[in-house]
Amino acid sequence: MPELPEVEVIRAGLAPVVSGRTLTRVRVLHPRPVRYHPAGPQGFAAELAGRTLTEPRRRGKYLWIPFEDGDALLVHLGMSGQFRVDMPDAPLRPNTRVLFDFDDDSRQLRFIDQRMFGGMQLSAGGAELPPQISHIALDPFAPDFDPETVARRLRAKRSTIKRSLLDQTLVSGIGNIYADETLWRCRLHYEQRNASLSQRRAVEVLSTAREVMTASLAQGGTSFDALYVDVDGAAGYFSRNLAVYGRQDQPCDRCGTPIVREPFMNRSSYRCPGCQHRPRRSLVAQ
DNA sequence: CAAAAGTCCTGCTTGC
DNA sequence: TGCAAGCAGGACTTTT
Ligand SMILES: [Zn+2]
């Protein structure tokens, strides 16, 4: 469940399941999701045993489960990672990668990841904020997030707007879906130069991104298929509110023009050609 | 077979 | 010219 609203749904779902419980055994079924853990699969499993978990936290698309001892389990879901909660004797779903057993022998935590772009590692001293993600910017939901400051940084970049919305060191949590939805709401083309935006306009873009993600979170996030479900397997319903993402050839809700899908940054961008015009080659662009 | 909701690494470009 | 930072493109992976 990859972008900010989906990760937040997972975090919230995990909270009552893991808070206050102590790990007894961790089994790594595939080494790749643990590739960033220096001690490898065996070390990872061994170092986690005996830890007591507290309420999960999140920054952007990263989430971490702090331990009572000050360390933490840092997780990124990548493109297809998910956490599921099942009884220990329930059959494993395909692509199950890591199993977490607790001292009460009750509900088992399972990490499932088809493409394995996601990963997890033990973060020493990472309970408050794992040092491994110190380069990740605040997300628009963070209390200290300052749109004016971020807007100024955004406008100082030579890059273009969608690329910057996806830049997790500038503002975190926004992915391909919510970038496209934000740009549609703001009537901006994804290749608009940052420097061409006024401060007011740049702030508006950031506010819009927060609004779209807030609306999505209220619907439980976006789920196109079974890959994107919460810890109990429930899907979110924001896909019915999407204006452009995944709506190729369907009419724009605003002007009726068919939505187009275009390759950009080795992925797809969706936009309305009627209200999101390709920018004129700007002077700053060169 | 093309495409899928992400991040990291590498090499090229830019600006002091 | 030299260096550091900024920027863009490709790699990584499995499944439908
Ligand atoms: Zn339109």
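Lettering follows sequence order; numbering is per chain, from 1. Side chains are part of it too, since the values below use all heavy atoms of this structure and drop only hydrogens, waters and symmetry mates.
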Within 6.0 Å of CD in A:Glu128, more than 12 heavy atoms from elsewhere
no

With a 4.0 Å limit, can you tell me whether A:Ser159 has a side-chain N or O closer than that to the phosphate oxygens OP1/OP2 of C:dG6?
no

The side chain of A:Lys157 lies closest to which of these nucleotides: C:dC7, B:dG6, B:dC8?
C:dC7

Using 30° and 60° as the class boundaries, would you call the ring planes of A:Phe44 and A:His37 parallel, tilted or perpendicular?
perpendicular

Any N/O donor-acceptor pair, A:Asn266 side-chain to C:dG10 base, under 3.5 Å
yes

Indicate whether OP1 or OP2 belonging to B:dA4 is found under 4.0 Å from a side-chain N or O atom of A:Tyr270.
yes

Aromatic rings A:Tyr190 and A:Phe264: how do their planes relate, parallel, tilted or perpendicular, breaks at 30° and 60°?
tilted

Mind checking A:Tyr62 for me? I need base, sugar-phosphate or nothing, with any heavy atom below 4.0 Å counting as a touch.
sugar-phosphate

Is there a donor-acceptor contact under 3.5 Å from the side chain of A:Arg247 to the main chain of A:Pro251?
yes

Indicate, with a heavy-atom threshold strictly under 4.0 Å, whether A:His30 touches base, sugar-phosphate, or nothing.
nothing

Phosphate OP1/OP2 of B:dG15: any A:Arg158 side-chain N/O under 4.0 Å
yes

Verify the contact: side-chain N or O of A:Ser80 to OP1 or OP2 of B:dG6, cut-off strictly under 4.0 Å; return yes or no.
no

Of the candidates C:dT14, B:dA4, B:dG6, the side chain of A:Arg261 sits closest to B:dA4

Counting N and O atoms only, with roles assigned by atom type, does the side chain of A:Arg278 sit under 3.5 Å from a partner on the main chain of A:His189, one being a donor and the other an acceptor?
no

Base-paired stems in DNA chain B, each at least three Watson-Crick or G-U pairs under 3.5 Å
B:2-4 with C:14-16, B:6-16 with C:2-12

For A:Phe264, which contact category applies under a 4.0 Å heavy-atom criterion: base, sugar-phosphate, or nothing?
nothing

Considering only side-chain heavy atoms of A:Met116, which listed nucleotide, B:dA4, C:dG9, C:dT13, is closest?
C:dT13

Side chain of A:Gln114 only, heavy atoms from C-beta on: which candidate in B:dC8, C:dT15, B:dG6 is closest?
C:dT15

Under 5.5 Å centre to centre and under 30° between planes: does that hold for A:Phe117 and the six-membered base ring of B:dT7?
no

Output yes when at least one side-chain N/O atom of A:Lys61 is less than 4.0 Å from OP1 or OP2 of B:dT7, else no.
yes

Can you tell me if the side-chain N/O atoms of A:Arg32 get under 4.0 Å from OP1 or OP2 in C:dT14?
no

Respond yes when some side-chain nitrogen or oxygen of A:His76 is under 4.0 Å from OP1 or OP2 of B:dT7, and no when none is.
yes

Verdict with supporting geometry, A:Leu242 and A:Glu181, side chain to side chain contact (heavy atoms under 4.5 Å, CB included)
CA-CA 7 Å; A:Leu242 295 175; A:Glu181 293 299 308; 3.7 Å; yes

Without swapping roles, check the side chain of A:Gln82 against the backbone of A:Tyr228 for a donor-acceptor pair under 3.5 Å.
no

Is the backbone N or O of A:Leu197 less than 3.5 Å from a side-chain atom of A:Arg155, with the two atoms forming a donor-acceptor pair by type?
yes

With distance as the sole criterion, do the side chain of A:Arg115 and the base of B:dG6 form a donor-acceptor contact below 3.5 Å?
no

Any A:Asn95 side-chain N or O less than 4.0 Å from OP1/OP2 of C:dT15:
yes

When we call it a touch if two heavy atoms are under 4.0 Å apart, what does A:Tyr178 touch: a base, just sugar-phosphate, or nothing?
nothing

When rounded to the nearest Å, what value does the distance between P atoms of B:dT10 and C:dT13 take?
15 Å

